[in-house]
Every structure is written in structure tokens, then in C-alpha cells.
Amino acid sequence: MPLPPPPTQSAYSASVFRNNLNGEDAYARHQRYVSSARLYGEGKSEVSSSRRTEFEALKEAHQFLRDDEEDLDALPWEQQLAVKYYNELFKEYAICDLKHYKSGNVALRWRTEDEVVSGVGQFTCANPRCAYHPTSVLEDDSHPMPTLTTLELPFAYEEHGEKKVALVKTVLCPRCKRKLTWKRDKEKAAAREMESDDRETDEKPQTRRLEEPNSRSRDRHQDKHSHKKAGNIREDTHRSGSHSRHGRDRRSASPRHRRRRSASQ
């Protein structure tokens with residue numbers, strides 16, 4: 001059936017359209033309304049910008065771990081929204097972001113329902129920046145999934161000015177596991193080097209002290225040996241002198257020497 005003809009425009013509406021709208025189409029009217037709103041509606045935009053959205057309120061009131069015995073009726077609407085979002089999370093395995101692993105800072109969050117259904121973070125690497133994070137890797141036979149390791153981390157964090165510690169379970173591939181312990185391994189290696197240097201510095205004076213008595217005893221032994229040689233030389237000289245005197249006495253006591261002495265007399 002053909003559509004009925006549009007109703008005829010009244011004289012008043014025709015006058016309004018002719019005087020105020022000047023024959024503009026819908027898009028032209030939209031542009032004019034937006035420009036007038038920007039020009040005359042600055043106060044309204046400031047009021048709207050000062051309002052908080054639900055996402056901003058959720059970011060401010062969200063907590064990584066909450067008490068199960070909280071009374072929702074006594075909480076403000078921001079806290080009620082955060083508790084409702086917290087109850088929808090699955091807190092068995094956490095997603096671990098290792099963007100700043102060299103500084104030792106790690107970001108953890110709980111998995112959503114879609115991630116739990118797809119198996120992300122449980123059957124794949126929990127690091128969202130890893131190549132083995134998406135579930136499409138499980139179906140790709142050209143890149144086999146490496147052996148994943150389930151870790152229970154003591155996660156220390158600060159929330160609303162309060163320091164907290166929680167044990168969080170996460171699944172990582174070998175490469176991301178090395179990233180997680182990168183700073184701690186570096187600190188342990190530096191501590192081992194410092195200990196080895198301290199041991200070397202402590203052992204050097206001991207070797208010197210051990211060498212010094214040996215050198216002194218060697219010098220004393222040499223001094224004693226030289227004294228013995230000098231004493232032997234003196235004894236030899238003394239003995240040779242005594243032999244010469246004894247020889248003279250024998251010559252003087254011989255009869256031939258007596259005859260010469262008597263003849264001279």
C-alpha cells in the first residue's frame with residue numbers, strides 16, 4: 001500500500017521555519033547548535049567536567065584484597081560499586097605485568113570472567129606483554145608452548161597509604177620467570193662479588209704476616225751461620241799462631257841452636 005501523504009504544514013510552523021531556521025537542513029542546524037553551545041555554554045561544561053564518572057570512582061575505591069565481612073549498607077556508593085566489581089573477579093590466578101621488571105616493580109590484577117573462560121593466565125603465560133599470553137598460541141603448532149611454571153608470590157604493595165602483603169598465584173613462562181627474579185638475581189650476584197672481594201682483602205694481610213716470620217727466621221739463621229764461620233776462622237788463626245810459637249820454642253830448645261848461642265857468646 002502506498003504511504004499516506006505527509007500532513008500539510010500549518011501557517012505558524014511555516015513562518016517559524018522560514019524566519020528562524022532559514023531553510024537549514026538537519027546537519028546545518030546541528031552545526032549551529034553546537035557552535036552556540038560552545039559559545040554560551042561554558043558554565044555548563046565546567047559543571048559537567050567536575051562530576052566524577054563511575055569508572056573514576058571505581059579507580060579511587062578499588063582494593064586488591066577486601067574483607068568479606070564488610071557491611072554494604074554502611075558504605076558510600078563508591079565503595080558499594082567497588083565491592084560489586086570486586087565480587088565479579090576471579091581470584092585464583094593473577095595477571096602479571098612485567099613492564100618495569102628491571103626496577104623490581106610488578107603490576108598484578110585479578111582475571112575477568114572472559115579471561116577465565118578462555119584460559120588466559122592459567123594455560124598461557126600471565127604476562128600480557130609476552131608472546132605466549134594469548135590463547136591463540138595454544139592452537140598454533142608452529143610455536144609450541146614452553147613449560148609453564150606456577151609461582152606463589154609474596155606480593156607487597158601500598159594501598160590508600162597502608163602497606164599490605166598477600167600471597168598471589170601466577171603462571172609464567174621461563175623467560176618471564178627470569179624477568180620476575182631479574183633484580184633479585186642481580187642483587188645476589190653483586191653481594192657475592194662483594195663477599196669475595198672482602199675475603200681477598202682479608203686474606204692478603206694474613207699471608208704477609210705469615211711470610212714475615214719466615215723471613216726473620218731466615219735472617220736469624222744466616223746470622224748464626226755467619227757467626228759460626230767467623231768463630232771458625234778465629235779459632236783457625238788462633239791455632240795457627242799457637243803452632244808457630246811452639247815451633248820457635250822447639251827451635252830454641254834444640255842442641256844445634258844451643259851450640260850456636262854458646263859459640264857466639
Side-chain angles (χ1 to χ4, degrees), residues 55-56 58-70 79 82-204 206:
F55 181 69
E56 293 175 352
L58 180 61
K59 285 172 60 179
E60 293 179 1
H62 177 68
Q63 295 182 13
F64 187 72
L65 290 175
R66 282 184 170 273
D67 296 333
D68 297 333
E69 299 178 355
E70 289 182 336
Q79 295 291 338
V83 171
K84 183 179 179 181
Y85 174 76
Y86 178 80
N87 293 332
E88 293 178 356
L89 298 175
F90 295 83
K91 295 172 281 295
E92 183 179 3
Y93 294 97
I95 300 298
C96 181
D97 192 349
L98 300 173
K99 180 180 179 181
H100 304 284
Y101 70 95
K102 289 188 177 181
S103 60
N105 296 322
V106 178
L108 295 178
R109 67 170 178 84
W110 300 117
R111 295 186 301 165
T112 60
E113 183 178 359
D114 295 337
E115 291 173 338
V116 173
V117 171
S118 61
V120 172
Q122 182 179 1
F123 303 103
T124 63
C125 182
N127 184 12
R129 302 175 184 275
C130 181
Y132 299 103
H133 178 71
T135 55
S136 59
V137 184
L138 298 173
E139 301 175 357
D140 189 3
D141 297 333
S142 60
H143 296 84
M145 179 71 70
T147 304
L148 302 178
T149 306
T150 303
L151 302 173
E152 193 172 18
L153 309 176
F155 182 53
Y157 62 100
E158 185 174 352
E159 191 174 59
H160 302 295
E162 183 181 357
K163 294 183 179 180
K164 300 179 181 180
V165 179
L167 289 176
V168 183
K169 194 187 298 183
T170 184
V171 179
L172 295 175
C173 65
R175 183 180 180 185
C176 294
K177 181 182 176 183
R178 290 192 297 270
K179 287 183 179 181
L180 181 65
T181 60
W182 186 86
K183 185 179 179 181
R184 186 177 62 180
D185 295 340
K186 288 289 183 181
E187 291 176 352
K188 287 184 178 180
R192 284 195 222 99
E193 290 180 359
M194 291 181 63
E195 289 179 359
S196 61
D197 294 339
D198 295 339
R199 288 176 183 174
E200 290 178 359
T201 53
D202 293 339
E203 289 176 357
K204 285 180 181 179
Q206 293 179 0

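Because only heavy atoms are used, hydrogens play no part in the values below, and waters and symmetry mates are left out as well, while side chains stay in.
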Under 6.0 Å from the [atom1] atom of [X], do we count more than 12 heavy atoms belonging to anything else shown?
X      : atom1 : answer
Glu113 : CD    : no
Lys177 : NZ    : no
His160 : NE2   : yes

Taking the side chain as everything from C-beta on, heavy atoms only, tell me whether His100 gets closer than 4.5 Å to Ser103. yes
State, with a plain yes or no, whether a side-chain heavy atom of Asp97 is found less than 4.5 Å away from one of Leu108. no
Assess the pair Trp110 and Tyr86: is the distance between their ring centroids shorter than 6.0 Å? no
Tyr101 and Trp182 aromatic ring geometry - parallel, tilted or perpendicular at 30°/60° bounds: perpendicular
I need the [X] [atom1] to [Y] [atom2] distance, nearest 0.5 Å.
X      : Y      : atom1 : atom2 : value
Thr170 : Leu151 : OG1   : CG    : 7.0 Å
Lys164 : Glu159 : NZ    : CD    : 4.0 Å
Leu58  : Tyr85  : CG    : OH    : 6.5 Å
Gln122 : Phe90  : CD    : CZ    : 11.5 Å
Asn127 : Cys173 : CG    : SG    : 7.5 Å
Leu148 : Leu172 : CG    : CG    : 8.5 Å

For a quick test of reading the model, state the closest non-hydrogen atom pair linking [X] to [Y] and the distance between them.
X      : Y      : answer
Leu167 : Pro154 : CD2-CA, 3.9 Å
Cys96  : Val106 : SG-CG1, 3.3 Å
Arg66  : Ala82  : NH2-CB, 3.4 Å
Tyr157 : Ala166 : CE2-CB, 4.4 Å
Thr124 : Pro134 : CG2-O, 3.7 Å

Taking only residues two or more places apart in sequence or in another chain, which ones pass side-chain contact (heavy atoms from CB on, under 4.5 Å) with [X]?
X      : answer
Lys169 : Tyr93, Thr150
Phe123 : Leu138
Glu115 : Ile95, Arg109, Arg111, Thr112, Val120

With Glu92 via side-chain hydrogen bond (donor to acceptor under 3.5 Å, both in side chains) - residues at least two apart: none
Partner residues of Asp140 under the side-chain hydrogen bond (donor to acceptor under 3.5 Å, both in side chains) criterion, sequence neighbours left out: Ser142, His143
Contacts of Lys84 that satisfy salt bridge (charged side-chain N to carboxylate O under 4.0 Å, His left out) - sequence neighbours left out: none
Counting only N and O atoms by type, is there a donor-acceptor contact under 3.5 Å from the side chain of His133 to the main-chain atoms of Cys125? yes
